[in-house]
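Here the structure comes first, spelled out in structure tokens, and everything after it is commentary.
Just so it is clear: chains get the letters A, B, ... in the order the sequence lines come, proteins before strands, and each one is counted from 1.
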Amino acid sequence: MAKFAQVIVDVPTMQTNRPFDYQIPTLWQAQLKPGMRVVVPFGKGKRRVQGFVIAISDEASFQGQLKPIIQVLDLQPVLNTELLALAKWLATRTFAFQISCMQTMLPSVMKASYVKKVQLVAGAPAAAKALFHGHSQLDVADLGSAELKQVLALQRQHLVTVSYQVHDRAKVKTVKAVQPLCSQAAYVAMAKKIPANAKRQHQLLDFLSQHATAKKPLPLPQITAATGLTLTHMHTGEQKGWLKVVALETYRDPYAKLAQVPRTQPLTLTAEQRTAVAQITAASEQQQAKTFLIEGVTGSGKTEIYLQTIQSAIAAGKTALMLVPEIALTPQMVTRVKGRFGQRVAVLHSGLSQGERYDEWRRIERGEAQVVVGARSAVFAPLTKIGLIVMDEEHETSYKQDDMPRYHARDVALWRARYHHCPVVLGSATPSLESRARAQKGVYQLIRLKKRANQQPLPEVTVVDMKNELKKTKESNFSSLMLQALRQRLVHKEQSVLMLNRRGFSSFVMCRDCGFVLKCPNCDISLTLHMDTHTMKCHYCGHEEPIPQICPNCHSRKIRYYGTGTQKVESELKQLLPQARVLRMDVDTTRRKGAYGKILHQFGQRQADILLGTQMIAKGLDFPEVTLVGVLNADTALGLPDFRASERTFQLLTQVSGRAGRAAKKGEVIIQTYNPEHYAIRLARHHDYEGFYKREMTLRHQGGYPPYYFTILLTASHPEENEAAKKIFQLMNQIKPALSPQAILLGPTPRAIARVNRRYYYQMVIKYKREPKLESVLAQIMQENQARNGIQIAIDREPLSFI
DNA sequence: AGCACGCCGACT
DNA sequence: GTCGGCGTGCTC
């Protein structure tokens, strides 16, 4: 009999990043399985923590007194064999804790919440009682530092006892339901014995007799809606033995409104699309873990390829996973997939409440949904028998998580595909250089879609040199060509989209007399002006303070706001085109939940002529009436000290250009820039991805950057600057001997924003092609540098940004 | 992480 | 002399 369990405990440190053995109480020996959550005692006190069982055995390897498992939280494993193995791989691959990996794979409600309470011992002195303010127990988390000290003192005197509670926040939503208990004839007979004036009872018996044959309990809300009978009436019925009130499990349905999405039929494919579908379907049927890269301009019909290949996967009894960037997970997108697959689709994205997310997860886990659509973390969806994994907009940076575990959803997708022997389809109009290069080498199979499915020509792109324009129009954000085009749209009652590229700068406050810039007291960066809250905010730590009226440095009143924000452009636009109705979309106007969708809806309903926004308008919007797309400043990102700056700019311009002329009307794109000759802008103008790819690869080769090199970013941080610096140099000295002469070390350097949240950051980058010893040295570094004496170490494999 | 153990300064 | 500060090590 399996008596021992190996458990990964919820204590995210390097020293506890391994299984601990526990005794399984006899009661649970038959049912406990790997992948279930448990509550276990951990440490010398009475501390209790949540843990995941990863294995069960007849013998324990630990030579010592084993503690028993306190509680089993699941009836069925929440992590299956595949996901347990994936968690282990992910932990090693990203240098993260196994527990963190397991937690990111599951809905957040499955992570326990902990409560620590103290209660007075019987006969404690009055002085001790005073602290409790008449309460029988205190939650330690609510205590201030002074109170905490006093409690600690009481603890030493054994005047209080401590207790720990582990709460499972995963709650199944239920509705009350009614189960008839008697036969129809019996109900009719009973009705005769009830006084005629007991109207409600007659009504209930009438209802019950009609549903006496119901096998399943009937949900109360529906009964109430139909008859007006409430829970009180049901309780009466229950007392009389007519029926039973039960709790029925239900799902919170975030897409209840979409339940009746009309079903759509597969579209007719172009020759290019047909070939693509055939190749992918064949790989799926033959269980080949092949990776396809679809390179296709906007409008080339990638989505239809995804839908039809998914269709054939589920027709073959398999399941499918479709990953989409968070920003593209719009109701439009969801409707499109639901329209094809109906109730078989589960949607996972950040807009869901924790409970909704948990319910979608359960639907997948129970096999009730065969198609999963979701953003980054949906890559961990508990699907079995996966026949196809799709990743749309595969170049999107949001697929990489920027805290522990720092994983890239693409890597996870490839791992799962290997496990399930199924193909992966990566799709983009502007693939990442990494993926495109792999396709070049034959690691991925390249599928190029050169034609647009709707036969529309790509929009005409005009580049305006703002250097010349500046001389003509003073300091305007609008070139004369742009203004003229906007006016024309107003006359023709067509819509325009204007994008302000805010990557690479923000609006800050500077004194015009002494040049003083207001900075965050915690971080070494300037504070950003937020007109919505009338405060200055730090984008890194969240620090907030009032807008200064007088320069703190020279007391001048000429402290003003600098930089181009959407608000500033909006007011300029109102001056130049007073008759235009403008909708602004940026972080400020979309902060509130649902605001994003609301703005898009308004624009879709033609309640505005111009949609002005930041990068977020570049992705996935589909408005047929938009005939003009303007980019106000194409090159702000080009100045960044980031080797991917050109790639980002090219991708952004190509994407935003694709927003113009999506339907019958021809589209026009105007790009304003100070660098009209820059290749990223020149090639984006001609929609020339392949040209950009070749050009950029040459530069990456010369600079020794990905995809020619693998990269690892190592960061050390400490509240004292010299401690962080000392550590990073020590780490460099530790790593260097393990590397071959071909490896390149950059740095160590202080990070561009050296101080964040009262900590100083130093970093170094390792560029390499093949370093067999590197993994183990890095693992060792993580092991040795336990978060002690204030030092924190982070390893980021293939970082998306070095700055 | 959180807890106990253990070794040094300032107090009854 | 002890109380209590936080540096160090361990948790099945």
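Ion pair A/Arg363/A/Glu360 flagged as a salt bridge, since at least one NZ, NE, NH1 or NH2 atom sits closer than 4.0 Å to an Asp/Glu carboxylate oxygen.
Rounded to a whole Å, the NZ atom of A/Lys3 is 21 Å from the P atom of C/dC12. When the P atom of C/dC12 is taken as reference, atom CD1 of A/Ile8 falls 14 Å away, rounded to whole Å. The distance from atom CD1 of A/Ile24 to atom C1' of C/dC12 is 13 Å, rounded to the nearest whole Å. For A/Phe20 and C/dC10, the CZ to P distance is 12 Å, given to the nearest whole Å. Rounded to an integer number of Å, the gap from A/Met14 CE to C/dC10 P is 18 Å. A straight line from NZ of A/Lys149 to P of C/dC3 spans 17 Å, rounded to a whole angstrom. The distance between atom CG of A/Asn17 and atom C1' of C/dT11, rounded to the nearest whole Å, is 14 Å. Remark: C1' of C/dG4 and CG of A/Leu148 are 14 Å apart, rounded to the nearest angstrom.
A search for salt bridge (charged side-chain N to carboxylate O under 4.0 Å, His left out) contacts involving A/Lys117 returns nothing, not counting sequence neighbours. Judged as a side chain to side chain donor-acceptor pair (under 3.5 Å), and not counting sequence neighbours, the contacts of A/Arg362 are A/Glu249, A/Asp359. Qualifying side chain to side chain contact (heavy atoms under 4.5 Å, CB included) partners for A/Lys149, counting only residues two or more places apart in sequence or in other chains: none. A/Thr104 meets the side chain to side chain contact (heavy atoms under 4.5 Å, CB included) test with A/Gln401, A/Pro405; sequence neighbours excluded. Residues satisfying the side chain to side chain donor-acceptor pair (under 3.5 Å) test with A/Asp74, not counting sequence neighbours, are A/Arg37. Looking at residues two or more places apart in sequence or on another chain, you find a salt bridge (charged side-chain N to carboxylate O under 4.0 Å, His left out) between A/Arg797 and A/Glu775. A/Gln783 meets the side chain to side chain contact (heavy atoms under 4.5 Å, CB included) test with A/Met14; sequence neighbours excluded. For the side chain to side chain donor-acceptor pair (under 3.5 Å) test, residues two or more places apart in sequence or in another chain that qualify with A/Glu771 are A/Ser740.
In this pair, A/Tyr768 and A/Phe710 present their aromatic rings tilted. The plane angle is within the 30 to 60° band.
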Exercise answer: donor-acceptor pairs, residues 730-737 of chain A side-chain atoms, under 3.5 Å, sequence neighbours excluded:
| from | atom 1 | to | atom 2 | distance (Å) |
| --- | --- | --- | --- | --- |
| A/Gln730 | OE1 | A/Lys727 | NZ | 3.2 |
| A/Asn733 | ND2 | A/Phe729 | O | 3.2 |
| A/Gln734 | NE2 | A/Glu784 | OE1 | 3.1 |

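Less than 4.0 Å separates DNA chain C from at least one heavy atom of each of the following residues of residues 39-56 of chain A: A/Pro41, A/Phe42, A/Gly43. Contacts of residues 87-111 of chain A with DNA chain C (heavy atom under 4.0 Å): none. For the contact set between residues 62-72 of chain A and DNA chain C, defined by any heavy atom under 4.0 Å, the members are A/Phe62, A/Gln65, A/Leu66, A/Lys67.
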